[in-house]
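Naming convention: chains lettered A, B, ... in sequence-line order (proteins, then strands); numbering from 1 in each chain. Computed from a predicted structure; not experimentally measured.
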Number of protein chains: 2
Amino acid sequence: MSLRYAMLGLLSERPASGYDLMKRFETSLTNVWPATQSQVYGELGKLAKAGLLEVAAEGPRGRKEYAITEEGLAELRHWLTEAPRERMRRSEAMLRVFFLNILTPLEAVTYLSTEAERAAGRHAGLKELEAAVDWGDDPLSVNGRLALEYGLRFTAMYEEWARWAAEQVQEKSKRGNGTTGDAN
Amino acid sequence: MSLRYAMLGLLSERPASGYDLMKRFETSLTNVWPATQSQVYGELGKLAKAGLLEVAAEGPRGRKEYAITEEGLAELRHWLTEAPRERMRRSEAMLRVFFLNILTPLEAVTYLSTEAERAAGRHAGLKELEAAVDWGDDPLSVNGRLALEYGLRFTAMYEEWARWAAEQVQEKSKRGNGTTGDAN
DNA sequence: ACCTTACATTCCACTGTTGACATGTCGAGG
DNA sequence: CCTCGACATGTCAACAGTGGAATGTAAGGT
């Protein structure tokens, strides 16, 4: 259901064709809500039929430029303010953690260390992004910066957690291994 | 694709029927990989046909107890060690942040503060869980504790970020509002 | 004139997930 | 003996998301 709001949100800045929209998904929203072409065009049709968007202009190559309607803007505002936030449910990463015990301690530590490395890599990537983009005062920049900061904090947190977890596993394996005659 | 590994993982501890499995999903895995009954039974059939599981015993009421096979265990290990981790892509929360500018600064600050509250609430809930469960030395407890710590760190990070973001929005709105005659 | 690249839309097949519905059996307590 | 709750499996329709193929037009360079 979020795709429609992503589209309404992008169109609230300025009108665009499906093609334009795709590019904007690829640049600004890749990291928060990727979408494919089939999805975008399909949803564009539905939203127009529902009156949340309208065809503002037609151009060459059958280009249809869509603009958000008052109704669409109201819907978007409603989503931002009233709609129930759905909490993050699935995490493949944590699912793996749950079953780490079927690996040897060494393998588990390796896994967790790799995760830490990957997080560090992503963190560095975001840092680069921060340096590369010239952050203006336009709304997209302002909000993008907030989201970026979230990414930065998330990756830092994840890296620390993974290193901590690796340590835990290591210690546990030492304790369980060193004293062969430990009580039950 | 992760559902199958969640099931293999649960069955690697001990055999279970579809019904048993459902309960174990609801208890231990609700927060990392929820599953519905239709999914579980469907996947159970597929996994059995693929030779990753086998019907170890049959009981009353048509009960079929599934056990993981050597092949299934190998597949699970492979997933844990070799399989490419897919990184977190979608975040409804960050999508909302991207479009916060269509709200008034006050509304945006309210939204972010509410998010902070919610994160704090979930953090408290996890703390309670930590206190309530008697954490043994069994593998499920050990790994569960690692995942729980992740949840704790995540919710703490998110709360802090949301408070920080609210502050940013507030400051920006003051700067843009207070000095009516500010240059461009 | 020709060719390539960018623009632009539409359709389709497949997988994963949800939620509801259907169907039935066993065991325990009244 | 009977009924109710727990046990137990299965099917279906719908939707969201993925990836790719098909189709074609306009513009720019050589």
Quiz item: Would the number of heavy atoms belonging to other residues, nucleotides or ligands and lying under 6.0 Å from CD of A:Glu128 be above 12?
Solution: no
Quiz item: Do A:Glu92 and B:Ser2 have side-chain atoms, one donor and one acceptor, less than 3.5 Å apart?
Solution: yes
Exercise. Mind listing the residues from residues 71-94 of chain A sitting with a heavy atom below 4.0 Å of DNA chain D? Number order is fine.
Key: none
Exercise. Quick one: do A:Leu52 and A:Ile68 satisfy side chain to side chain contact (heavy atoms under 4.5 Å, CB included)? Show the steps, please.
Key: CA-CA 6 Å; A:Leu52 305 184; A:Ile68 194 168; over 6 Å; no
Practice problem: Write down the distance between OH (B:Tyr41) and P (C:dG19), rounded to a whole number of angstrom. | Solution: 18 Å
Below 3.5 Å, can you tabulate the donor-acceptor pairs from side chains in residues 19-30 of chain B to any protein atom, sequence neighbours excluded?
from: B:Asp20; atom 1: OD1; to: B:Arg63; atom 2: NH2; distance (Å): 3.4
from: B:Asp20; atom 1: OD2; to: B:Ser17; atom 2: N; distance (Å): 3.1
from: B:Asp20; atom 1: OD2; to: B:Ser17; atom 2: OG; distance (Å): 3.2
from: B:Asp20; atom 1: OD2; to: B:Arg63; atom 2: NH2; distance (Å): 2.3
from: B:Arg24; atom 1: NH2; to: B:Leu10; atom 2: O; distance (Å): 2.8
from: B:Thr27; atom 1: OG1; to: B:Lys23; atom 2: O; distance (Å): 3.1
from: B:Thr27; atom 1: OG1; to: B:Arg24; atom 2: O; distance (Å): 3.3
from: B:Ser28; atom 1: OG; to: B:Arg24; atom 2: O; distance (Å): 2.8
from: B:Thr30; atom 1: OG1; to: B:Glu26; atom 2: O; distance (Å): 2.4
from: B:Thr30; atom 1: OG1; to: B:Thr27; atom 2: O; distance (Å): 3.3

Quiz prompt | Distance, nearest 0.5 Å, that separates CZ of B:Arg4 from CH2 of B:Trp79 | solution = 12.0 Å
Quiz item: Going by heavy atoms closer than 4.0 Å, what residues in residues 51-64 of chain A are next to DNA chain D?
Solution: A:Pro60, A:Arg61
Quiz item: Using a cut-off of 4.0 Å on non-hydrogen atoms, how would the nucleic acid contact of A:Met22 be classed: base, sugar-phosphate, or nothing?
Solution: nothing
Quiz item: Are A:Arg96 and B:Arg85 close enough that some pair of their side-chain heavy atoms sits under 4.5 Å apart?
Solution: yes
Self-check item: Spacing of CD belonging to B:Glu160 relative to CE belonging to A:Met157, to within rounding of 0.5 Å
Solution: 11.0 Å
Quiz item: Would you say the side-chain atoms of A:Asn31 and A:Arg122 include a donor-acceptor pair closer than 3.5 Å?
Solution: no
Self-check item: Interatomic spacing from OH in B:Tyr5 to CG in B:Leu80 - rounded to 0.5 Å
Solution: 10.0 Å
Identify all side-chain donor-acceptor contacts of residues 99-110 of chain B below 3.5 Å with residues at least two apart in sequence or on another chain.
from: B:Asn101; atom 1: ND2; to: B:Phe98; atom 2: O; distance (Å): 3.4
from: B:Thr104; atom 1: OG1; to: B:Glu107; atom 2: N; distance (Å): 3.1
from: B:Thr104; atom 1: OG1; to: B:Glu107; atom 2: OE1; distance (Å): 3.3
from: B:Glu107; atom 1: OE1; to: A:Arg77; atom 2: NH2; distance (Å): 3.2
from: B:Glu107; atom 1: OE1; to: B:Thr104; atom 2: N; distance (Å): 3.0
from: B:Glu107; atom 1: OE2; to: A:Arg77; atom 2: NH2; distance (Å): 2.9
from: B:Thr110; atom 1: OG1; to: B:Leu106; atom 2: O; distance (Å): 2.8

Quiz item: Where along residues 31-38 of chain A does a heavy atom come under 4.0 Å from DNA chain D, residue by residue in number order?
Solution: A:Trp33, A:Thr36, A:Gln37, A:Ser38
Quiz prompt | Near-strand residues of residues 10-19 of chain B, defined as heavy-atom separation under 4.0 angstrom from DNA chain D | solution = B:Ser17, B:Gly18, B:Tyr19
